[in-house]
Amino acid sequence: MKRARGFSANVANQRCGIIPCMNSSLLSGLNPEQRQAVTLPHQSALILAGAGSGKTRVLTTRIAWLISTGAVSPHGILAVTFTNKAAREMLTRLTAMLPINSRGLWIGTFHGLCNRMLRAHYREANLPQTFQILDSGDQLSAIKRLMKAMNVDDEKYPPREMQNFISGSKEQGLRAHEVEAYDPYTRRKVEVFAEYDAQCQREGVVDFSELLLRSYELLSRNAAIREHYQERFRHILVDEFQDTNKLQYQWLKLLAGRHSALFAVGDDDQSIYAFRGAHVGNMQELTRDFHVENIIKLEQNYRSHGNILDAANALISNNRSRLGKNLWTAENGGELLRVYEAPTDVEEAGFIVSEIQLLKSEGVNLKEIALLYRSNAQSRVLEHALVSAGLSYRVYGGLRFFERQEIKHALAYLRLMENTGDDNALLRIINFPTRGIGARSIEQLQEAAKMNSAPLWDAAAALTRRCEASGAGEAASHPLPQSAGPASNVSRDVARAGGKVTAFVALIESLRSATRELPLPEIMDHVLEHSGLIAYYRNETGAKKREAEERLENLNELVNAATLFVHENEDDSLTAFLSHASLEAGEHQAGDQDDALHLMTVHAAKGLEFHTVFITGLEEGLFPHQNSQNVDGGLDEERRLMYVAITRARRRLYLSFAQSRMLHGQVSYGMASSFLRELPENLLHWITPRVAQRSAFARSFTPQHDAPPASPVQRSSAPSIWRSGQAVFHTKFGEGMIVNLEGSGSDARVQVNFRKAGVKWLALEYAKLTPVD
DNA sequence: CGCACGTGGTTTTTT
DNA sequence: ACCACGTGCG
């Protein structure tokens, strides 16, 4: 056996007998560039990793290599990703390569790692030990509540916009007082921003961007802590570096000390998140700031056939200011890209369904097929067609487990038990399930709390004490004379509401004391039962019965999640679980089918791959999206999005568009996407006749009813019966469905998928074909 | 308190 | 067309 050469292997050899062998096997199968990246000496590097070039493999192998050669201990590694999924993937692959204990390894998302750091130094970060994390929804309700208290006009200042302003500023690394505000409008927003931060601080909560900013400030202000981490993390590795925002990059720079090497992996061509603050410029800045001498390019693609890659390369070459990269593959060209022009969105969906049925009959698994679209609304018409055809599918996106109403309610009980300063949590549950505490009582609590600048909980508890002292029953037992006046009415109201509030305070107190010593799943169980949540959903009848049953199932699932969490995590405290719930909102949807089609936005498809991909709705205004036209660099980002979409396909790629589609409740007519024109013609196979192609490009707005698509097959007799999806009968082959049309006049041919005889091309002029209803 | 009805918005999204 | 949110009534 060839020995791994030199010193490093010997060092490893002394530490662990099996490692030299592992070491060489680590590198086997890597191409020269991958190997160069993996075995880079201790220096900062930028790895420009194209789609499907083995990016994750390089990243994980680099870590394994560093550890196995003894260059660094697991303790000295910091590896950062954007999603929990990516972090899990990295950890799984790494532990498969190296028998190491993952404890002490800092592999996680930016937010997860910042959380970890802030927990460890909560005092220095000026946070309570049990600080909780607001997800975007929590943040929005906190902002709405604050704006109400500050009397901010929510028409002039939409809360959503305010939220973007606050998060956006923090992601630039800016506190309220650092934001430039030259006009009264912005100054007001800055005021709200400042107040919002104060409110969060009072309530002991942090939002997502605060996790990062607070961690950044901790490091920049506290030299001892900063030096500790700089000394510790000899190797910092970043995944999807093109997606980092300014604050994340600053954070990385602060963590990287004199002895640290930053290993950044990214692809500027796949930067599709500028709209949420991602700053591709970080790649250029990195090469300057960290004196990166040569950028390693991973350009060999292991995913797609040649024609698909050529199309992707051609498209992306239209973007200016790229770092420059050209994907190639050892595979052959493979199939041409199939382009389909449909008269309507419904027919586009029909075509897709018939193609899928064809693929299925050829043995392609449904889960190997993806239907991609630019915006979520487009899934509806596709879903409709799939349901009709009885094809199982799974839509990605939408509500996730920990974001569900019933789960948020349950967690709010736990949050309030843990931290009575959490007004968000209190407001969510003080009257859910309903316990007679209405808007009026809550207002009174808020007034009292504001007066003492105390949390709502304290006001509620004080009310409880007052009721006990003065006797809550007094006002109720003495019927008040009519002349008693408003003051007495108020005190009566307070007393009556006080009773209810008292009961609520007592409930929380009793939940707390009853669960003090219990393990997490039992705490959960107890709280679900005694909060009245379970009873509430159980009592639901009528139209909401089904929904309530599902919610009960989810609550049950929450107990399971807690059990799992306890098994998988060292720190199984309630605080840790609540952080987990905020940072990892869980799966989008339960009950995934074994073999189901994947429906998702192009954004959601990043990082995934499929045998066959349908890119749908390729119309000017939809993809590229209309709104991108007004944004600087908007079209380039749309093109990168298209590039991502194309490079998801391994073997077959469909590009489809419709002449008309239902949009915002209205039929709108569009042109073929300009991106189609950017693809080399010799790579495309137009399934619709070429005449139709030209007309699609030339036509601006042509309502289809007065000018049917110039398909030669259809030109002879207005609206032709021969179209995709049409069921037909053939005297010899039996029943089938038209899946393709081609040629014109006497050359016109149709492709039919026959139920028994399989797929055949038939010349319309000769074939004895009859349409079937 | 809870439901009915009206209104406005509608690219992409992780943490 | 559809959904989420807010207001007003019973």
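Letters A, B, ... are given to chains in the order of the sequence lines, protein chains preceding strands, and every chain is numbered from 1.
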Could you check how far [atom1] of [X] sits from [atom2] of [N], rounded to whole Å?
{"X": "A:Gln163", "N": "B:dT15", "atom1": "CD", "atom2": "P", "result": "16 Å"}
{"X": "A:Lys170", "N": "B:dT15", "atom1": "NZ", "atom2": "C1'", "result": "13 Å"}
{"X": "A:Glu210", "N": "B:dT14", "atom1": "CD", "atom2": "P", "result": "22 Å"}
{"X": "A:Lys85", "N": "B:dT14", "atom1": "NZ", "atom2": "P", "result": "11 Å"}
{"X": "A:Met642", "N": "B:dT11", "atom1": "CE", "atom2": "P", "result": "20 Å"}
{"X": "A:Ile272", "N": "B:dT12", "atom1": "CD1", "atom2": "C1'", "result": "8 Å"}
{"X": "A:Leu118", "N": "B:dT15", "atom1": "CG", "atom2": "P", "result": "18 Å"}
{"X": "A:Arg380", "N": "C:dC2", "atom1": "CZ", "atom2": "P", "result": "6 Å"}

* Asked: Which residue, A:Ser209 or A:Asn376, contacts DNA chain B at a nucleotide closer to its 5' end, judged by nearest heavy atom?
  -> A:Asn376
* Structure fact -> Of A:Val631 and A:Gly438, the one whose closest nucleotide on DNA chain B sits nearer the 5' end is A:Gly438
Report the nucleotide, chosen from [options], that has the shortest atom-to-atom distance to any side-chain atom of [X].
{"X": "A:Thr601", "options": "B:dC1, C:dG6, B:dT12", "answer": "B:dT12"}
{"X": "A:His664", "options": "C:dC2, C:dA1, B:dT12", "answer": "C:dA1"}
{"X": "A:His111", "options": "B:dT11, B:dG2, B:dT15", "answer": "B:dT15"}
{"X": "A:Arg374", "options": "B:dT12, C:dG6, B:dC1", "answer": "B:dT12"}
{"X": "A:Met662", "options": "C:dG6, C:dA1, B:dT15", "answer": "C:dA1"}
{"X": "A:Arg400", "options": "B:dC1, B:dT13, B:dT14", "answer": "B:dT14"}

* Going by distance alone, is a donor N or O of one side chain under 3.5 Å from an acceptor N or O of the other, for A:Thr244 and A:Asn282? -> yes
* Do A:Asn554 and A:Glu406 have a side chain donor and acceptor closer than 3.5 Å? -> yes
* Report yes if at least one side-chain N or O of A:Thr434 is closer than 4.0 Å to OP1 or OP2 of B:dG2; otherwise report no. => yes
* To do: Verify the contact: side-chain N or O of A:Asn84 to OP1 or OP2 of B:dT15, cut-off strictly under 4.0 Å; return yes or no.
  => yes
* Aromatic-base stack, A:His625 on B:dT11, cutoff 5.5 Å, angle under 30 -> yes
* Asked: Is there aromatic stacking of A:Phe275 against B:dT12, centre distance under 5.5 Å, plane angle under 30°?
  -> yes
Tell me whether [X] is salt-bridged to [Y], with the criterion being a basic N under 4.0 Å from an acidic carboxylate O.
{"X": "A:Glu557", "Y": "A:Arg404", "value": "no"}
{"X": "A:Arg160", "Y": "A:Asp154", "value": "no"}
{"X": "A:Glu171", "Y": "A:Lys246", "value": "no"}
{"X": "A:Glu383", "Y": "A:Arg380", "value": "no"}

* Rounded distance in Å between the P positions of C:dC5 and B:dT12 -> 16 Å
* Asked: Which value, in whole Å, describes the distance between the P atoms of nucleotides B:dT13 and C:dA4?
  -> 16 Å
Enumerate the protein-to-nucleotides 3-6 of chain B contacts in which both atoms are nitrogen or oxygen and the separation is below 3.5 Å.
none

* Asked: Per the atom types in the model, does the base of B:dT10 pair as donor or acceptor with the side chain of A:Ser375 at under 3.5 Å?
  -> no
* When we call it a touch if two heavy atoms are under 4.0 Å apart, what does A:Ser628 touch: a base, just sugar-phosphate, or nothing? -> nothing
* To do: Looking at every strand, decide which applies to A:Tyr273 at a 4.0 Å heavy-atom threshold: base, sugar-phosphate, or nothing.
  => sugar-phosphate
* **Validation row: A:Phe82, A:Gln248 side chains within 4.5 angstrom (heavy atoms)** => yes
* **Closest non-hydrogen atom pair between A:Leu599 and A:Tyr373, with its separation** => C-OH, 3.4 Å
* Answer yes or no on whether A:Arg639 is positioned over the face of A:Tyr643, meaning its NZ or CZ is under 6.0 Å from the six-membered ring centre and within 45° of the axis. => no
